[in-house]
Amino acid sequence: MLRNFADTAALQSVDAAHHVHSFADPKALAAKGTRIITQGKGCYVWDNEGNRLLDGMAGLWCVAVGYGRPELSDIAARQMNELAYYNNHFGTATPQMIELAEKIAKLTPEGLDHILFANSGSEANDTIVRLVRRYWMLQGKPTKQTFIGRDLGYHGSTLCAVGLGGMSHMHGMAPQMLPGFAHIMHPHHYLLGDGLTRDEFGLKAARALEEKILELGPENVAAFIGEPLQGAGGVIDPPSTYWPEIQRICRQYDILLVADEVICGFGRTGEWFGSQYYDIKPDLMPMAKGLSSGYLPIAAVAVGTRVFEVLNEGGLLAHGFTYSGHPVACAVASANIDIIANEGLVDRVREDVGPYFHQSLRQLADAHPLVGEVRGVGLVAALQLVRAKAPKTVFTAEEQASIHCREILWENGLIARAVGQAMVLSPPLVITRAEIDEMVGKLKTGLDGTAQAFGVL
């Protein structure tokens, strides 16, 4: 076992020999060498060489309450000593499962009172597919099988979840995807809405759903799935006209509505859930990430009354996972929700640090030639990188301006994400105004360096 964490070359060598990374080119990564993260506290992580980095992405959108919370590590240790594991198959449960299910049900939008547990957002969305198709079969409408998602939608990386999503590079992993999935345009006004106001474009993007339903036949469409705000697709904040029209269309054609809260849930938008921010009334709602602040793997699906009443009369629900409702994960998630509630983090995002975050980013963007748009809500934002603001000239994928910027930011102590040709930020909910100032200062350094490299400055 490697004990000398300071030996970067040794760690990188073993990593390249045995560890296959997510979303990476294995050969290129082995040649470059991985970054080794060893510690975390608050909004910061440290690498094995002692460099401190401000984590502008909260891990993978998930470390809501920050790193190093003893409340969460202590309760995990206590629960492991008391009951390290038991399942919820065959009519059993643990107090931790029961408590967490009740706690989630009290936070979700009205009617989403029934909670199934899983271990990741991908598993939660696979669960959605099975539940929805079972629902329509029990309703005597077995042809209602197809799910409609969106271009640049992200719902996970298992086979069903990839089908739900609209990421072309993920679809390209195999010559053929699973059947029963279709996609419509995403609602990004800045990139797609030239000549239309935001409200006009919001209606246009939403009505693409109606066109797709009529193309496929309403009798064949089971559900529409969308993130309230598209996260991994580039923080696409839809126009105010978008979600009301989506919901009208779903009701008109008797299509179930699924709001994927894996990223938006647990305070990220300044409400407990993105559905509350955008006034969405979903039939089902998958969640993960912020549920445990990433301290342990756990996910859940909230099932609405309309769907559960049918499933409840349908006999055996032949679905679940070995670790569904794992008692240690449930105990940690429950304590994490308590921290978010007791420290008033949701209100803080909505009323204090969220507005300050966006105000600070817009001030930077207004003065910087490389940023064409700042978008997002709460504590999630994207800065669209452009060669010119007027006429609007967006960097191409081949230029990799955002990748260049990301690397400068890493070297200057800020973790941000490159998505398309945008820089994405989603810091822990506990971030302070001083840390936001630090983030914006480092971000300016990255933008300046990128602009110089591409001849914009």
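We use all heavy atoms of the structure for the numbers below, so side chains are in, but hydrogens, waters and symmetry mates are not.
Side-chain atoms of Q39 do not come within 3.5 Å of backbone N or O of V45 as any donor-acceptor pair. Judged by distance alone, with hydrogens and angles left aside, the side-chain atoms of W243 form a donor-acceptor pair with the main-chain N or O of P228 at under 3.5 Å. Side-chain atoms of E200 never come within 3.5 Å of backbone atoms of L196 as a donor-acceptor pair (strictly under, hydrogens ignored). Between the side chain of N125 and the backbone N or O of I128, no donor-acceptor pair lies under 3.5 Å. The main-chain N or O of G68 is found under 3.5 Å from a side-chain atom of Y295 such that the two form a donor-acceptor pair. A donor-acceptor pair under 3.5 Å is absent between the side-chain atoms of E227 and the main chain of A259, judged by distance alone. A distance-only check finds a donor-acceptor pair linking the side chain of S122 to the backbone of S157 [under 3.5 Å]. A donor-acceptor pair under 3.5 Å links the side-chain atoms of H183 to the main chain of G163, judged by distance alone. In this structure, H171 contributes its side chain and V162 its backbone to a donor-acceptor pair below 3.5 Å. A donor-acceptor pair under 3.5 Å is formed between the side chain of S360 and the backbone N or O of Y356.
At a threshold of 4.5 Å between non-hydrogen side-chain atoms, the residues L425 and F357 count as touching. Side chains of M167 and L152 form a contact here, defined as non-hydrogen atoms less than 4.5 Å apart. Contact check for T146 versus F181: no side-chain heavy atoms found under the 4.5 Å cut-off. Residues T127 and F117 form no side-chain contact, since every pair of their non-hydrogen atoms from C-beta on lies 4.5 Å or further apart. In this structure the side chain of W46 never reaches within 4.5 angstrom of the side chain of L53, judged on heavy atoms. Within the 4.5 Å cutoff, the side chain of D55 has heavy atoms near those of the Y67 side chain. Looking at Y44 and K41, their side chains never come closer than 4.5 Å, going by heavy atoms from C-beta outward. Inter-residue side-chain proximity for F224 and I246 is flagged as met; some heavy-atom pair is nearer than 4.5 Å.
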Derivation of the ring pair (Phe, Tyr, Trp, His ring centres under 6.0 Å) call for F454 and F395: CA-CA 10 Å; F454 285 86; F395 283 102; 5.3 Å; yes
Residues I115, V301; criterion side chain to side chain contact (heavy atoms under 4.5 Å, CB included); working and verdict: CA-CA 6 Å; I115 311 300; V301 174; over 6 Å; no
Working for side chain to side chain contact (heavy atoms under 4.5 Å, CB included), residues I225 and I148: CA-CA 6 Å; I225 185 169; I148 299 175; over 6 Å; no
Verdict with reasoning, R268 to S426, per side chain to side chain contact (heavy atoms under 4.5 Å, CB included): CA-CA 8 Å; R268 178 62 53 192; S426 180; 3.1 Å; yes
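With sequence neighbours excluded, the residues forming a salt bridge (Lys or Arg N to Asp or Glu O under 4.0 Å) with D194 are K392, listed by chain and number. Residues satisfying the side-chain hydrogen bond (donor to acceptor under 3.5 Å, both in side chains) test with R207, not counting sequence neighbours, are E245. For the salt bridge (Lys or Arg N to Asp or Glu O under 4.0 Å) test, residues two or more places apart in sequence or in another chain that qualify with E343 are R69. Applying the side chain to side chain contact (heavy atoms under 4.5 Å, CB included) test to E211 and every residue at least two apart in sequence or in another chain returns nothing. Not a single side-chain hydrogen bond (donor to acceptor under 3.5 Å, both in side chains) links D74 to another residue, sequence neighbours left out. For F321, the ring-ring contact (aromatic ring centres under 6.0 Å, His included) partners are H319, not counting sequence neighbours. In this structure, the side chain to side chain contact (heavy atoms under 4.5 Å, CB included) partners of H21, at least two apart in sequence or on a different chain, are D15, H19, A24, L29, T34.
Side-chain contact of H188 with E373: a donor-acceptor pair under 3.5 Å is present, judged by distance alone. For the residue pair N48/T8, the side-chain donor-acceptor check at 3.5 Å is satisfied. Checked by atom type, the side-chain pair E210/Y253 shows a donor-acceptor distance below 3.5 Å. In this model, no donor atom of one side chain and acceptor atom of the other lie less than 3.5 Å apart for R198 and S240. Neither side chain, E123 nor S120, offers a donor N or O lying under 3.5 Å from an acceptor on the other. Between the side chains of R251 and Q247, not a single donor N or O lies within less than 3.5 Å of an accepting N or O. Using modelled atom types and a 3.5 Å distance limit, the side chains of Y242 and D199 yield no donor-acceptor pair.
Here the straight-line distance linking atom CD1 of I213 with atom CD1 of I184 works out to 8.0 Å at 0.5 Å rounding. Going from atom CG of L159 over to atom CG of L164 covers 11.0 Å, rounded to the nearest 0.5 Å.
Across all their heavy atoms, V332 and A76 have their closest contact at CG2-CB, 3.7 Å. The two atoms that bring V63 and P428 nearest to each other are O-CB, 3.3 Å, heavy atoms only. The two residues M439 and P427 come nearest to each other via the heavy atoms CE-CB, 3.8 Å. Residues L209 and C250 share a closest heavy-atom pair of CD2-SG, 4.1 Å.
Between R362 and D366 no salt bridge is recorded (no basic side-chain N to carboxylate O distance below 4.0 Å).
Between W272 and F266, the two ring planes are perpendicular [angle over 60°; tilted spans 30° to 60°].
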Can you give the donor-acceptor pairs under 3.5 Å from side chains of residues 404-414 to other protein atoms, not counting sequence neighbours?
from: E407; atom 1: OE1; to: K32; atom 2: NZ; distance (Å): 3.2
from: E407; atom 1: OE1; to: R35; atom 2: NH2; distance (Å): 2.8
from: N412; atom 1: ND2; to: I408; atom 2: O; distance (Å): 2.8

Please report, to 0.1 Å, the donor-acceptor pairs under 3.5 Å made by any side chain of residues 100-110, with sequence neighbours excluded.
from: K103; atom 1: NZ; to: S334; atom 2: OG; distance (Å): 2.7
from: K103; atom 1: NZ; to: D338; atom 2: OD1; distance (Å): 2.9
from: K103; atom 1: NZ; to: D338; atom 2: OD2; distance (Å): 3.3
from: T108; atom 1: OG1; to: I104; atom 2: O; distance (Å): 3.4
from: T108; atom 1: OG1; to: A105; atom 2: O; distance (Å): 3.2
from: T108; atom 1: OG1; to: L112; atom 2: O; distance (Å): 2.8

Return all side-chain donor-acceptor pairs below 3.5 angstrom for residues 280-293, not counting sequence neighbours, or 'none' if the list is empty.
from: K281; atom 1: NZ; to: D279; atom 2: OD1; distance (Å): 2.8
from: D283; atom 1: OD2; to: L257; atom 2: N; distance (Å): 2.9
from: K289; atom 1: NZ; to: L60; atom 2: O; distance (Å): 3.2
from: S292; atom 1: OG; to: G294; atom 2: N; distance (Å): 3.3
from: S292; atom 1: OG; to: L296; atom 2: O; distance (Å): 2.6
from: S293; atom 1: OG; to: A64; atom 2: N; distance (Å): 3.2
from: S293; atom 1: OG; to: V65; atom 2: N; distance (Å): 3.2
from: S293; atom 1: OG; to: N336; atom 2: OD1; distance (Å): 2.6

Exercise answer: donor-acceptor pairs, residues 376-384 side-chain atoms, under 3.5 Å, sequence neighbours excluded:
from: Q384; atom 1: OE1; to: R375; atom 2: NH1; distance (Å): 3.0
from: Q384; atom 1: OE1; to: R375; atom 2: NH2; distance (Å): 3.0
from: Q384; atom 1: NE2; to: Q421; atom 2: O; distance (Å): 3.0

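Residue pairs meeting the salt bridge (charged side-chain N to carboxylate O under 4.0 Å, His left out) criterion with at least one member in residues 157-180: none, sequence neighbours excluded.
The environment of OH in Y323 is sparse: at most 12 heavy-atom neighbours from other residues, nucleotides or ligands sit within 6.0 Å.
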